[in-house]
Amino acid sequence: MQLIRSETEAMLATSARKFFTVNSPLERVRALRDARDETGFSRELWAQMAELGWTGMLVPEEHEGMGMGMSELCVVLEEAGRALAPEPFLSTVLLSAQLIARAGTDEQKDRWLASVARGEATLALAHHERGARHARARVETTAARGEDGRWRVSGRKAQVEDGHVADALLVTARSAGAVDDPGGLCLFLVDREAPGVSVTRQRRVDERNIAIVELRDVELGDDALVGPAGAAASALEPVLDRATIGLCAEMLGSMTRAFEDTVAYLKERKQFGVPIGTFQALKHRAARLFMGLTLARSVVMAAARAADDDDASAEHVAAMASLCKARCSDCFLHVANEGVQLFGGVGMTDEYDIGLFLKRARVAEQTLGDAAWHRDRWARLIGF
Amino acid sequence: MQLIRSETEAMLATSARKFFTVNSPLERVRALRDARDETGFSRELWAQMAELGWTGMLVPEEHEGMGMGMSELCVVLEEAGRALAPEPFLSTVLLSAQLIARAGTDEQKDRWLASVARGEATLALAHHERGARHARARVETTAARGEDGRWRVSGRKAQVEDGHVADALLVTARSAGAVDDPGGLCLFLVDREAPGVSVTRQRRVDERNIAIVELRDVELGDDALVGPAGAAASALEPVLDRATIGLCAEMLGSMTRAFEDTVAYLKERKQFGVPIGTFQALKHRAARLFMGLTLARSVVMAAARAADDDDASAEHVAAMASLCKARCSDCFLHVANEGVQLFGGVGMTDEYDIGLFLKRARVAEQTLGDAAWHRDRWARLIGF
Amino acid sequence: MTDLETFRLQTRAWLEDHAPASLRDAAESRGPGGFWGGRRAKDAPADERRWLEVMAERGWTAPTWPKAYGGGGLSAAEARVVDEERRRLQMPPPLVGFGLKMIGPTLLRFGTEAQKQEHIPKIVRGEIRWCQGYSEPGSGSDLASLQTRAVLEEGEYVINGQKVWTSYADQSDWIFCLVRTDPAAKKQAGITFILFDMDQPGITVRPIPLISGASPFCEVFFENARARPENVIHEVNAGWTVAKALLQHERAWIGELFAGSVAGAREELVGLAREYLGAPEGPIPDALTRDAITRVAMEEDAFLLTLERAAQLTRAAGGRPGPESSVLKTAGTELNQERCALAVQLAGPQALGWEGPGFTDRELTLARTWLRSRGNTIEGGTTEIQLNIIAKHVLGLPD
Amino acid sequence: MTDLETFRLQTRAWLEDHAPASLRDAAESRGPGGFWGGRRAKDAPADERRWLEVMAERGWTAPTWPKAYGGGGLSAAEARVVDEERRRLQMPPPLVGFGLKMIGPTLLRFGTEAQKQEHIPKIVRGEIRWCQGYSEPGSGSDLASLQTRAVLEEGEYVINGQKVWTSYADQSDWIFCLVRTDPAAKKQAGITFILFDMDQPGITVRPIPLISGASPFCEVFFENARARPENVIHEVNAGWTVAKALLQHERAWIGELFAGSVAGAREELVGLAREYLGAPEGPIPDALTRDAITRVAMEEDAFLLTLERAAQLTRAAGGRPGPESSVLKTAGTELNQERCALAVQLAGPQALGWEGPGFTDRELTLARTWLRSRGNTIEGGTTEIQLNIIAKHVLGLPD
């Protein structure tokens with residue numbers, strides 16, 4: 001397995017780095033936050049990224065996409081992570097479009113995939129519910145088929161990433177089975193403006209855009225179903241695993257940037273007449289962080305390659321996703337905690353950037369399963 | 001609760017320090033090991049300790065003891081721990097004599113307690129069995145009462161501390177109940193030379209003296225029972241808890257010595273033209289160890305006081321014992337691991353003493369319940 | 001009955017008569033740690049002001065300080081009784097703050113009779129709220145490199161420069177401040193410890209927004225601020241001695257503060273686990289979570305016992321905390337960080353809210369408290385500085 | 001079929017013909033890491049000697065080294081194929097040791113044609129076993145302060161001094177040794193890298209008993225030992241350059257070695273848990289134990305992937321390991337320590353034996369292996385030195 005970047009990937013990394021450096025300094029993230037921007041990300045930038053092909057990287061060529069793999073997308077996501085860019089990669093590109101690509105009807109694909117690739121449509125996966133923690137099948141939202149053959153979906157979703165602006169929502173609902181049962185889940189494509197749907201913006205510590213999505217007797221036909229009724233878990237599982245790998249690439253970028261900023265500060269800040277980076281205790285801690293990042297990079301790279309390997313079993317990709325997310329969750333938090341500590345007092349101020357990474361570390365750690373959840377799952381997949 | 005030493009205790013500490021410094025340098029421990037000494041400790045020193053009153057500290061005055069408490073004994077044990085002295089405090093003073101004092105008949109007390117206080121008799125608790133790990137009621141040795149009213153005890157005990165020389169063995173055996181059932185345990189006083197008893201010396205990494213005790217149809221009368229048949233657990237529990245606190249005091253002494261030796265080496269060893277103790281990374285690690293020792297000392301002191309407090313419930317003493325053992329197990333291993341690392345190459349040689357502490361740390365950690373066992377038990381006692 | 005027992009009964013009766021019922025059980029609920037007093041606290045709730053007044057009248061806001069300066073004149077044992085009886089009634093302390101915990105003890109040790117007469121009674125009565133002018137932008141861990149200048153002109157010190165991380169400077173009346181009076185001397189040697197009023201035109205205060213959303217610290221700018229020479233503590237250019245002694249009081253106090261915020265960690269964490277993992281009683285079913293709580297809870301017990309042991313050692317050694325206070329500061333702050341991080345972990349995704357909707361008020365405190373806790377190991381002397389102190393002054397490791 | 005696929009089929013056929021069946025599946029069972037060769041290995045098992053002989057004949061003990069010096073002359077890709085096919089047959093490597101991994105690559109880079117001609121073929125054929133004369137009692141982490149003197153007298157270097165931690169010096173034939181040739185120069189500048197035969201009257205070797213009971217390291221005393229000037233590598237007084245380059249080979253090799261000892265950690269630990277906690281199949285019931293194993297096993301996977309990634313990076317960068325090898329050395333050794341400590345923990349009291357009776361043979365290895373593992377983070381450059389290297393040479397932090 002190739003664990004270093006191909007020439008194409010290296011070139012892509014260079015151009016993505018340049019793009020985000022020019023267009024997405026951290027001041028942009030602050031400005032969106034401080035203005036309480038209604039969209040919460042930049043539609044203009046999103047359109048530019050679409051032009052570069054990034055939004056359609058995973059979209060098949062017949063839908064105007066690039067038909068590329070996770071490895072390439074992860075290169076871009078890493079750079080997005082360095083910039084803490086809040087654009088809807090996770091919600092739209094990694095989750096929703098992939099669900100449609102894997103399980104959707106031809107009509108659904110025609111309607112949405114090219115539009116995502118063109119950077120026009122944004123989508124959101126309304127799946128998580130309050131109290132579900134990391135359980136993937138903890139869905140209480142119900143889907144009942146009436147005598148008229150129409151579905152009525154009711155429930156409340158929380159922390160739906162980009163739900164506030166998504167053109168359509170992919171909603172999970174239960175047509176059968178008990179609350180944690182993977183069987184019995186359905187996936188519906190729901191217009192955000194549909195009757196019975198109400199969306200309320202939420203604010204999270206990382207200021208990434210999330211919303212509560214309430215569904216009250218939302219009426220839907222079979223044409224809204226993505227994949228067979230009751231079988232959504234089989235589409236969700238591989239998509240969640242790949243999205244986890246993508247999230248890890250983004251986290252890797254964020255933590256690498258936080259680390260580099262910290263090392264730069266160690267070289268620049270003087271106390272006792274010398275740069276604080278001359279103090280051996282701090283040197284050793286920085287070296288430890290570098291070690292952690294080195295190992296994290298290896299697993300993220302390997303996981304992306306596994307996701308692109310047609311011969312890899314679903315279990316193998318799942319295990320690699322868990323290997324990667326457990327490590328990245330711990331490592332990002334460690335880097336961010338140490339970063340604040342090594343910046344000292346200024347690290348605690350809103351003015352400095354390291355705090356943005358600390359907040360993001362905590363949210364990312366809790367997104368798509370925390371470290372403990374992934375360790376448990378990994379061991380189960382391995383067989384002990 | 002008084003958490004600092006009384007004047008009496010401070011004086012006792014001074015004289016015990018002096019005693020062990022003069023009589024028990026670490027060369028003595030090495031000499032016993034290298035000569036494969038049959039006794040494995042010094043009967044002469046034990047007799048001197050008896051003269052100082054240490055072997056009888058917990059023995060009631062009517063049996064020629066001092067009738068003192070765990071707080072005073074812990075002062076002596078800490079000093080014994082500094083010297084890694086292999087004398088039979090745990091087996092004889094903390095475990096066996098206390099079981100007899102708590103549950104024995106007047107005849108048994110008359111026979112053994114004064115003899116222990118005088119330093120003449122040594123005793124051993126033959127309780128642990130291979131595979132029991134830390135489960136206190138994991139006893140497969142059986143005690144069956146025949147039609148003649150006599151007991152027949154059969155089983156195999158392992159890692160019996162000082163079993164090779166004990167004048168009598170306190171043997172746990174099961175007359176009823178399933179293997180992990182605290183009910184149904186009996187405690188017998190068995191002569192080491194009795195028919196059917198065979199004792200085989202074992203060698204452990206710390207060279208502390210242990211033995212396998214095999215019992216084949218050992219015939220015993222009711223007069224050998226210590227406490228009522230089937231009720232041994234109620235005597236064992238408080239004695240094991242107090243012995244755990246005593247072991248922690250010994251561990252505290254050992255780890256403090258290991259730490260002091262390490263700090264001394266940091267001041268003395270030069271590399272790059274300066275003492276290695278000038279390197280900040282090593283300083284910080286030494287300071288961390290000191291913090292750990294400071295907290296360990298507090299809990300050991302508090303646990304000893306709790307054991308001496310007549311108003312303290314058995315559950316409280318048990319919780320304090322677990323608080324203390326979990327911490328001391330982790331702290332001693334940490335100090336010893338760091339000690340070897342900071343000594344560097346010479347720390348790995350048999351010639352230097354730090355390795356003796358590393359070996360003892362591992363054994364002590366596994367004795368009377370490891371850290372994980374005590375954490376679980378502490379939470380259970382606290383109620384969550 | 002011993003004298004102490006009699007004293008306890010009297011104290012109990014007096015407290016029951018005088019403690020405002022409305023404050024009972026309120027222990028920690030108002031303001032960080034209690035009532036901070038000062039000129040700007042005039043609008044504080046009447047019961048808090050009343051509670052301060054009755055206690056201050058007896059000197060029981062500072063029970064062991066000499067009666068001559070308004071203190072209670074009690075022995076350590078009696079002061080303990082007052083404290084225990086107050087807690088029995090679940091009353092908050094009548095007054096907290098930098099006056100009682102830092103500048104007061106420092107004045108008692110280093111102040112002249114006149115300085116004690118001027119300042120200590122006002123501290124006891126909570127009339128003046130104090131802040132601490134130590135750190136500067138270029139002088140954090142390397143405190144002694146501070147640059148704020150004080151020059152004697154026409155009988156007054158004229159002060160120019162900037163302080164940073166000054167806690168609650170925006171709510172304080174007076175400042176105890178380190179200033180450079182001899183720029184030519186070796187850095188520790190040119191520093192003076194001086195007191196002055198914050199309410200004067202030469203001083204500007206700006207709160208610093210933190211990552212947690214709060215702003216407890218300020219930047220303080222001095223532009224020809226004025227201080228009287230009679231408010232120099234100890235001697236001119238000998239302020240470093242005073243500063244170091246005060247820092248030990250600070251560290252010991254931070255230890256105590258964390259005892260307050262840490263005590264009850266176990267109940268809080270177990271409660272969160274029961275709520276968010278759905279285990280209303282019995283052992284917490286997720287063994288890893290239970291173990292994580294157990295570790296923090298055991299650490300809490302060990303820390304509280306260590307704090308108590310350190311207090312007993314300090315009393316036995318004549319009352320002054322030694323460099324071991326760095327152990328308390330470090331252990332207490334790291335424990336608080338672990339507690340806060342674990343609380344966030346327990347509440348899971350529900351701990352990630354910054355504002356409503358979709359998060360309960362309780363949930364909304366979790367992330368902010370966690371973020372704030374990250375500063376604990378920086379403020380009041382970083383952990384790195386504490387470890388340096390332990391290595392040098394406790395272990396004697398060479399520079 | 002590509003050339004490489006053809007090569008694979010040929011290699012497979014050849015190995016199946018020539019690999020002694022008695023060694024198959026034996027992979028790690030004899031000696032640490034494999035067969036070390038040398039003059040004193042004449043009594044080694046016939047199959048091991050035979051396996052070495054047939055492989056050395058093709059140069060496949062050092063497959064990428066030039067054919068001119070007895071190497072295999074293979075490309076990196078071909079060497080990989082040989083390695084994979086050997087593993088497929090579960091054969092141990094035909095030869096391991098300091099010759100192949102340290103002095104060989106160093107000679108290829110720094111040696112003269114004559115030096116390569118003299119030494120490399122013997123390394124390839126396992127005729128000479130090498131040891132490394134670096135550390136001295138006063139020069140551990142501060143290697144450059146070494147004191148062993150070499151003085152040119154009548155056309156030969158006369159060597160006096162002492163080395164320590166010389167691995168397997170008691171079983172080695174030649175030594176590559178750092179000696180001081182210019183005591184007046186700045187410490188790095190007066191050092192020479194020289195080779196000489198250990199079988200001479202001026203050399204005394206004493207194994208050092210370790211806490212684990214084994215003695216893999218020796219003290220080596222030189223009393224007028226002799227070396228020929230033509231065995232100086234690079235230039236006189238320029239040995240430090242050679243020494244540092246060799247250390248990077250050493251670290252990379254240690255990383256590989258730990259890949260060997262670490263691979264399979266998961267199976268070993270799961271096996272111990274099943275045996276000692278009584279869970280023959282399914283999830284390990286004790287969640288804390290299961291989590292501890294999971295952490296080590298995940299670390300193992302991450303480490304092995306990192307090792308592979310580092311190898312690919314090294315190949316892409318032209319074959320020389322960089323300062324990042326310090327990451328591998330540190331991560332690999334600490335992982336091995338965690339693995340060994342956890343194994344002891346899993347077997348519980350049964351892991352505490354030093355000798356029988358009452359402990360199985362397997363149990364008796366657990367504590368000794370754990371004790372030995374504590375040295376991993378010291379030998380081959382302490383973790384502290386590795387972290388210094390990362391901080392300085394990778395992160396560019398100032399001295």
Side-chain angles (χ1 to χ4, degrees), chain B residues 1-5 7 10 259-260 262-264 266-268 270 274-303 305-306 319-320 322-324 326-328 330-331 371-372 374-380 382-384, chain C residues 266-267 269-271 273-274 279 281-285 287 289-295 297-317 323-324 326-332 334-335 383-399:
Chain B
M1 181 170 39
Q2 190 177 336
L3 290 173
I4 55 178
R5 283 180 173 162
E7 265 185 57
F259 173 69
E260 290 170 4
T262 304
V263 170
L266 291 178
K267 294 177 185 175
E268 161 200 323
K270 286 191 179 173
V274 292
I276 59 173
T278 57
F279 295 117
Q280 196 196 31
L282 307 193
K283 279 186 185 177
H284 280 199
R285 282 158 64 181
R288 290 268 175 204
L289 296 178
F290 178 77
M291 287 177 55
L293 287 168
T294 302
L295 270 70
R297 182 167 294 280
S298 305
V299 293
V300 171
M301 178 66 92
R305 297 282 189 234
M320 290 304 292
S322 285
L323 183 70
C324 206
R327 179 165 289 273
C328 289
D330 288 347
C331 190
H374 279 288
R375 275 195 293 270
D376 173 66
R377 178 173 180 253
W378 186 84
R380 194 157 15 90
I382 297 296
F384 65 89
Chain C
R266 179 204 303 163
E267 288 74 16
L269 295 172
V270 171
R274 295 210 182 289
E281 55 191 332
I284 292 162
T289 300
R290 181 167 171 266
D291 185 59
I293 297 173
T294 305
R295 286 170 188 265
M298 289 178 113
E299 188 76 17
E300 175 195 340
D301 278 9
F303 173 67
L304 293 176
L305 287 166
T306 303
L307 201 64
E308 173 58 25
R309 188 163 71 87
Q312 293 180 15
L313 283 169
T314 301
R315 278 200 293 278
E324 292 83 0
S326 292
V327 171
L328 301 178
K329 201 275 177 181
T330 305
E334 291 185 348
L335 172 55
T383 293
E384 291 72 19
I385 289 293
Q386 309 304 329
L387 296 175
N388 283 350
I389 291 172
I390 295 169
K392 178 170 183 173
H393 296 289
V394 183
L395 306 180
L397 289 170
D399 272 334

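Order of the sequence lines fixes the chain letters, A, B, ..., with proteins taken first and strands second; residue numbering starts at 1 for each chain.
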Taking every heavy atom of B/Ser298 against every heavy atom of C/Ala302, the minimum-distance pair comes out as CB-O, 4.3 Å

Item to complete: Mark yes or no for whether B/Thr278, through its side chain, and B/Pro275, through its backbone, hold a donor-acceptor pair below 3.5 Å.
Response: yes

Contact check, side chains of B/Leu295 and C/Glu299, non-hydrogen atoms, under 4.5 Å: yes

Interface check, chain B: of C/Ile390, C/Thr294, C/Leu328, most non-hydrogen pairs under 4.5 Å belong to C/Thr294

Turns out that what part of B/Ala296 lies under 4.5 Å from chain C's heavy atoms comes down to neither

Within a 6.0 Å radius of atom NZ on B/Lys267, are there more than 12 heavy atoms belonging to other residues, nucleotides or ligands? yes

Cut-off 4.5 Å, heavy atoms of chain C, and the answer for B/Phe384 is both

Next item on the list: Answer yes or no: is there a donor N or O on one side and an acceptor on the other, between the side chain of C/Arg290 and the main chain of C/Pro283, under 3.5 Å?
Entry: no

Honestly, the part of C/Val270 sitting under 4.5 Å from a heavy atom of chain B is side chain

Would you say that B/Thr294 contacts C/Arg309 through its side chain, given a criterion of any heavy-atom pair below 4.5 Å between the two side chains?
yes

Turns out that what part of B/Ile382 lies under 4.5 Å from chain C's heavy atoms comes down to side chain

Honestly, the part of B/Arg327 sitting under 4.5 Å from a heavy atom of chain C is side chain

Applying a strict 4.5 Å limit to non-hydrogen atoms, the region of C/Glu384 in contact with chain B is both

Nearest heavy-atom approach of B/Ile4 to C/Ala316 is CD1-CB, 4.1 Å

Counting heavy-atom pairs under 4.5 angstrom with chain B, the leader among C/Asp291, C/Asp399, C/Ile284, C/Leu387 is C/Leu387

Minimal heavy-atom distance between B/Ala302 and B/Met1, with the atoms involved, is O-SD, 3.9 Å

Comparing C/Ile389, C/Asn388, C/Ile293, C/Val394 against chain B, the one with the most heavy-atom pairs below 4.5 Å turns out to be C/Asn388

Okay, B/Ala286 and chain C: the region with an atom under 4.5 Å from a heavy atom over there is both

Under 4.5 Å to a heavy atom of chain B? For C/Ala297 that would be both

Applying a strict 4.5 Å limit to non-hydrogen atoms, the region of B/Gln280 in contact with chain C is side chain

Report yes or no: does C/Glu308 contribute a side-chain atom to a donor-acceptor pair with the main-chain N or O of B/Leu3 at less than 3.5 Å? no

Turns out that what part of B/Phe279 lies under 4.5 Å from chain C's heavy atoms comes down to neither

Interface check, chain C: of B/Arg375, B/Arg297, B/Glu260, B/Gln2, most non-hydrogen pairs under 4.5 Å belong to B/Arg375

When the 4.5 angstrom heavy-atom criterion is applied to C/Gln386 and chain B, the contacting part is neither

Of the listed C/Leu313, C/Asp301, C/Thr330, C/Leu305, the one with the largest count of heavy-atom pairs under 4.5 Å with chain B is C/Leu305

The interface call for B/Arg285 against chain C, heavy-atom contacts under 4.5 Å, is neither

Scanning both residues in full, the closest heavy-atom pair of C/Ala279 with C/Arg274 reads O-NH1, 2.9 Å

Heavy-atom distance under 4.5 Å between the side chains of B/Arg5 and B/Met301, does that happen here?
yes

